[in-house]
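To start, the structure under review is shown below, and the notes come after it.
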Amino acid sequence: MRRFGPVLVVVLTIFALWYVSSFLMNRTWVMDQATRAGTDPGFSEVLRETMNQDRAKLPAPHQVAAELYDGVFNKKVTSKRSLVYHGFITFQATMAGFALGIIAGVALAVAIVLSRVADLTLMPWAIISQTIPVVALAPMIVVLANAAGADSLMVPKAIIAGYLSFFPVLVSMVAGLRSPGGMQLDLLRTYGASPAQVFWKLRLPASLPYFFASLKIAVAASLVGAIVGELPTGAIAGLGARMLIGSQFGNPMIMWSALFAAAILAALLIWIVSGVERLAVRVMGGGQA
Amino acid sequence: MMRQPSVVMRIGLPLGFGLLVLILWELLVGAFNIPPAILPAPSEIWAAIERSTAILWVDWVQTVVKGALTGLVIGSLAGFGAALAIDRVDFLRRGLLPVANFVAALPIVGVAPIMVMWFGFDWQSKAAVVVVMVFFPILVNTLAGLAATDRMQRDLMRTYSASHAQTLSKLRLPAAMPFIFNGLKISATLALIGAIVAEYFGSPTKGMGFRISTEVGRLGIDMVWAEIAVSALTGTVLYGLVVLIERWVTFWHPSQRRGR
Amino acid sequence: ADDLTLQLKWVTQAQFGGYYVALEKGFYEEEDLNVTVKPGGPDIAPTQVIAGGGADVIVEWMPAALAAREKGLPLVNIAQPFKSSGMMLTCLKESGIEGPEDFPGNTLGVWFFGNEYPFLSWMSQLGIPTTGGADGVEVLKQGFNVDPLLQKQAACISTMTYNEFGQVLDAGIAEDDLVTFKYEDQGVATLEDGLYVLEDTLADEAMVDKLTRFVRASMKGWKYAEENPDEAAEIVLEYDETGAQTEAHQKRMMGEIAKLTAGSNGALDEADYQRTVDSLLSGGSDPVITAQPEGAWTHAITDKALN
Amino acid sequence: MEQMINNQLSLHSDVATAAAVIQAQNLSLTFQTNDGPVHALKDVSLDIGKGEFVSFIGPSGCGKTTFLRCMADLEHPTGGSITVNGVSAAEARKARAYGYVFQAAGLYPWRTIGGNIRLPLEIMGYSKADQAERVARVLELVDLAGFEKKYPWQLSGGMQQRASIARALAFDADILLMDEPFGALDEIVRDHLNEQLLALWARTGKTIGFVTHSIPEAVYLSTKIVVMSPRPGRISDVIDSPLPRERPLEIRDTPEFIEIAHRVRDGLRAGHSYDD
Amino acid sequence: MEQMINNQLSLHSDVATAAAVIQAQNLSLTFQTNDGPVHALKDVSLDIGKGEFVSFIGPSGCGKTTFLRCMADLEHPTGGSITVNGVSAAEARKARAYGYVFQAAGLYPWRTIGGNIRLPLEIMGYSKADQAERVARVLELVDLAGFEKKYPWQLSGGMQQRASIARALAFDADILLMDEPFGALDEIVRDHLNEQLLALWARTGKTIGFVTHSIPEAVYLSTKIVVMSPRPGRISDVIDSPLPRERPLEIRDTPEFIEIAHRVRDGLRAGHSYDD
Ligand SMILES: Nc1ncnc2c1ncn2[C@@H]1O[C@H](COP(=O)(O)OP(=O)(O)OP(=O)(O)O)[C@@H](O)[C@H]1O
Ligand SMILES: Nc1ncnc2c1ncn2[C@@H]1O[C@H](COP(=O)(O)OP(=O)(O)OP(=O)(O)O)[C@@H](O)[C@H]1O
Ligand SMILES: Cc1ncc(C[n+]2csc(CCO)c2C)c(N)n1
Ligand SMILES: [Mg+2]
Ligand SMILES: [Mg+2]
């Protein structure tokens, strides 16, 4: 209770604010409609109307909750109306992109740390790569992946997700592989250790805390990438596609529920990764704090 | 230990690499006869840039100056302020932080249409998207930074019986600066991307995101790349600017000084 | 069976009912074709997909196809299942707009991404600048939904008879509260959903044969969809993998689409083509296309397919 | 033995209470750690009179730092009580009674040496002119004149340590608590600073608590030497020095000095497990 | 005075060269820093014979660490030459001639104490059985038996320091270089480890280079004491100890001991600016 008390209070406060905002934001539409119909609704009527609008500017919390519950629990998980189904499709692309991002990030970091030239040439471009809007590249990635003969829609989605997630891994791994101080390196020099030994016995273990710390950011970035990638891949399935179709076909509740489902999925992924991190830190004998 | 690379190397090598890629790109596009609708050659992109500087400028002002920078400033200040509040009131830390965490996980693709619905088509909605995007990195990094003082540094302040404000201004904020700048570096790139993506969901007939999404449909891929180039250049300059200010502000941090 | 890929212009919906019916009812199979239908979406330009080799045939609007042709992508119309245009501008009556002469000073929502050409040529024919100001119209790049009208961010928005217009009504705005301008009625209609291929595909005998069978089967699908709109809508719903579409909406869309396909046997009507081209050429200072296109359409396929 | 110490302590209290500045009564502090509780201090009682120079000596981990931190209200005892100037340690801290020198220098890297020394003066609201004057004076005192504008990381470890001492001396705290302030210094510098510290003490009449690992240092400086032993941390001996307040360096060769040093060494040795 | 030292040095060289393990000739090392060059070592010449125990003492920043690092090829001299076992320092390093104890413990936090000690053994390819046997032996030697499975941060500073000494003793290096290894330890533990170190030295006949700030420690341990002075870092005195190799702790009260200590102190004092 001590732990959840504050969260509860804050969440309740947010809900209260949310309800008030819902009322205020949705009222315009209700009043407009009344004007068009030539009626003059009382306050309680307006209140009721604002709380249950199909196309609310800001749906009330209970509406979103109901839609989420419906999408998650009231549908067979294999049904294409199930949020679990779409969440899983997005999850798959996220994981594929995450793996791609980790591999690319680690590989680049190793190259950058081992080679001065790679450092000076690649690092600026890694930064520049992140200033390019993915949405602009996405269609080209889709077309090129297509042209390269990838017939699964997973491939371009995973590439886009990987594109977003490799960077945090790269930055952290570079910092981590460089983290051993002068004395730690000198120690191995006095042993006449080979460069490979320095890498395996010092740099790599020293980088692991940095690596795990970056995974949380990377997995969130990967999810965003997967969702962004679901728009130009034909918006066929996945949370991103559902958001878009919900919005396009005048069913914003579908969009809101997909949006919250995505946030919950992200929270879940981050929570799992943090768990893995804690476990790894324990195994690595860390946890000084 | 390692010698500091000269400025020539630091600029020449990445530039050389970039040039190499451009040349290869140009040659490959020529050799494989790749249609410009898929991938225009760098020379064509450059031609588009020269041809459309006026349009590029208008788009840049709309997206970068009005959307991204406004959002970046507001979002950073908001994140910073929230961090100070959360830091001051433990109740908020335990209550607001998990919620903020959750909000940060909302994907931009979903947030953008809502912001357009709420704040209209013009730059205000783009700035709002940027605010949402940069708020969290700044918040988290500032909080981490405020916690980055070691016990002895804080105890010293205790022995002086310094007030909360004094401890903040003389110890914790200076110590937090490296973290805050890390957050700013992330935010600077996010801000651009956020402003551009938001334009996909409704915009006036100018802006980098508007141009990109429109020109793809018109097969003006050279123009798309021109905007991408402008975006990359802007992002890099923005990032570099943050790095420069960081150097100046956190000169004392070990990462900013080699040797001693 | 011969493989063939069709890239749609937008997401799975009754707008493309004929192709889905042909797929579901086995009309393609009967022609010994193995057709893959790729839905579109925002950020997918069918012209770019076909240029990249991602599709053999695309569904595209003629203005975008001709504009791409001028950009050097040699697209050729091989069939035109849509006879009339479903595009219109829908305005709130309370905005005070009664006719095109009332547009100046107002904000209008327009789809871009290649869909803006009909609007732009209409405005240039009306002589209304699209750069804002008191005598011009303020143009908004409209997103994927009808919110701008509901939120009164624009006086008018672009709608399709078969899709967005219904959404406006569903949202609770009565038809009486709306003023609509159909492009057809304004005499500025341009040809919509046609089938396009790259020119060099037509030089290949085997491909021509394949396309012939494809068009034949597709038109069979369209006829079936026109006659059985509800079943066609059900089929479309089957293929919508997002599960976000509703039956009512797709049934209505199919009904409206049937009105647009009515009157086309699949072959391009040269007069319609010329009207479209003229409209696009008349864009004043900034026409969509600058010269009469050559070889932008062929009857070669439909002639074989429909006889 | 415990009996004896207690006797001695209570005896001692009677003498000193009149002007007692710091009074610890049955002080205990237990840290809760993952491996179980650590009894850093257990039933420690001690009185420190006004103007005394008290050294704390004992094996690593016996609770010297913890004791000093309790005095300065940096650690909250889990048992017993501690009063400073008749009020609680917290109130004394808020009244800015302490100058504290930590075991490590702990200078703020974003401030110059001068800026670091100025820090407490800024916080306590000294005037600009007063600040400048004081900074110059204490820099002189620790032989760092001319280094005012350097940053901490531009100085050697020993110089940093001296700067942190200067920082604690810059303002007028009644009580000076120093945790191994001279640990990083070589013998010559150490001797020099020892002399300086004695002179300062004589001049200002501050009450000083001083942790050290060096027996000669403890004997040379103190009016009272507190020997501590570990697990749990407690006081094993309190030695009142008979040496005069005036102490030239040569006093270290006198028989009295050597005798006290012997007693301290014996007390220390008792805290270790080596049987030699 | 300089003349005198040089004389003494060259004289000394003649005696020791026969079995010289480390020979430094006019060694200089200048660091280029933002503030201009720092002359850490200047024209330093020294011969260390096989089986000698050489202590380096001198004020903070006089170049002791730098000199030791040059011997171990961790720093590249900017002038002069250094040979180890007749080959260059780099070759000697690659031949794994050194055991080095750094000024700070520098244990790898992700390895247990046992794992840290095993590190050099893994790198040098000792067999698993041999590794286990050696780890157990050196842990015993530094009184850390039972702590093999603990992580460094679970140990006090002094214990960490001892673990790092164990790490350097685990493998068979001819030359042991120790940079203030006992700095963080209290006097009693220090005495104990001094004895242990002397015993180990007597048993193995290793050549030892040892940096310390403590005069008694230097005199107690060494066969040769090198006194250094700063700015620029140079050798100001080399004292060959006449004390016997067998040294009980009580030797520290003998007149010979006190006399050598005096000479070291004088040499040290010359390196400081204090005029007392
Ligand atoms: N924050 C803490 N959490 C847990 N245990 C602690 C903490 N601080 C100190 N200890 C433990 O309390 C005991 C006393 O520590 P303290 O720092 O007072 O020793 P000390 O006498 O100052 O030693 P040293 O001479 O090494 O500085 C030690 O066993 C130490 O491990
Ligand atoms: N990497 C470096 N860059 C620049 N100057 C250095 C570097 N390392 C050492 N110095 C300088 O060289 C001089 C000698 O340093 P060194 O560490 O050898 O001193 P020391 O005798 O070991 O001192 P201490 O007793 O404090 O350990 C010092 O003035 C120091 O500031
Ligand atoms: C950027 C962009 N905006 C809107 C559409 C909409 N659109 C394309 S075809 C069509 C007909 C009805 O569905 C509609 C509405 C788009 N494709 N791309
Ligand atoms: Mg301590
Ligand atoms: Mg040193």
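We name chains A, B, ... by the order of the sequence lines, and we start the count at 1 in each one.
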Heavy-atom side-chain proximity of C:Leu202 to C:Val197 below 4.5 angstrom: yes
Residue pair C:Pro293 / C:Val277, side-chain heavy-atom distance below 4.5 Å: yes
Within-4.5 Å side-chain heavy-atom neighbours: B:Trp46 and B:Ile49: yes
Contacting moiety of C:Leu73, where chain B heavy atoms sit under 4.5 Å: side chain
Over all atoms of both residues, closest heavy-atom pair of B:Val131 and B:Gly71: CG2-O, 3.6 Å
Part of C:Ala67 lying under 4.5 Å from any heavy atom of chain B: neither
Using only distance, no hydrogens or angles, which N or O donor-acceptor pairs sit under 3.5 Å between chain B and chain C?
from, atom 1, to, atom 2, distance (Å)
B:Ala37, O, C:Gln48, NE2, 3.3
B:Val116, O, C:Gln153, NE2, 3.2
B:Met117, O, C:Gln153, NE2, 3.3
B:Glu199, O, C:Lys141, NZ, 3.2
B:Tyr200, O, C:Lys141, NZ, 3.2
B:Ser203, N, C:Lys141, O, 3.1
B:Ser203, O, C:Lys141, N, 2.5
B:Ser213, OG, C:Lys141, NZ, 2.8
B:Arg218, NE, C:Glu116, OE2, 2.7
B:Arg218, NE, C:Tyr117, OH, 3.4
B:Arg218, NH2, C:Glu116, OE2, 3.1

Side chain proximity check, B:Val132 to B:Leu106, heavy atoms < 4.5 angstrom: no
Residue pair B:Met133 / B:Ile108, side-chain heavy-atom distance below 4.5 Å: yes
Contact origin within B:Ile221 toward chain C - heavy atom pairs under 4.5 Å: side chain
Pair C:Phe103 + C:Phe181: ring centers closer than 6.0 Å: yes
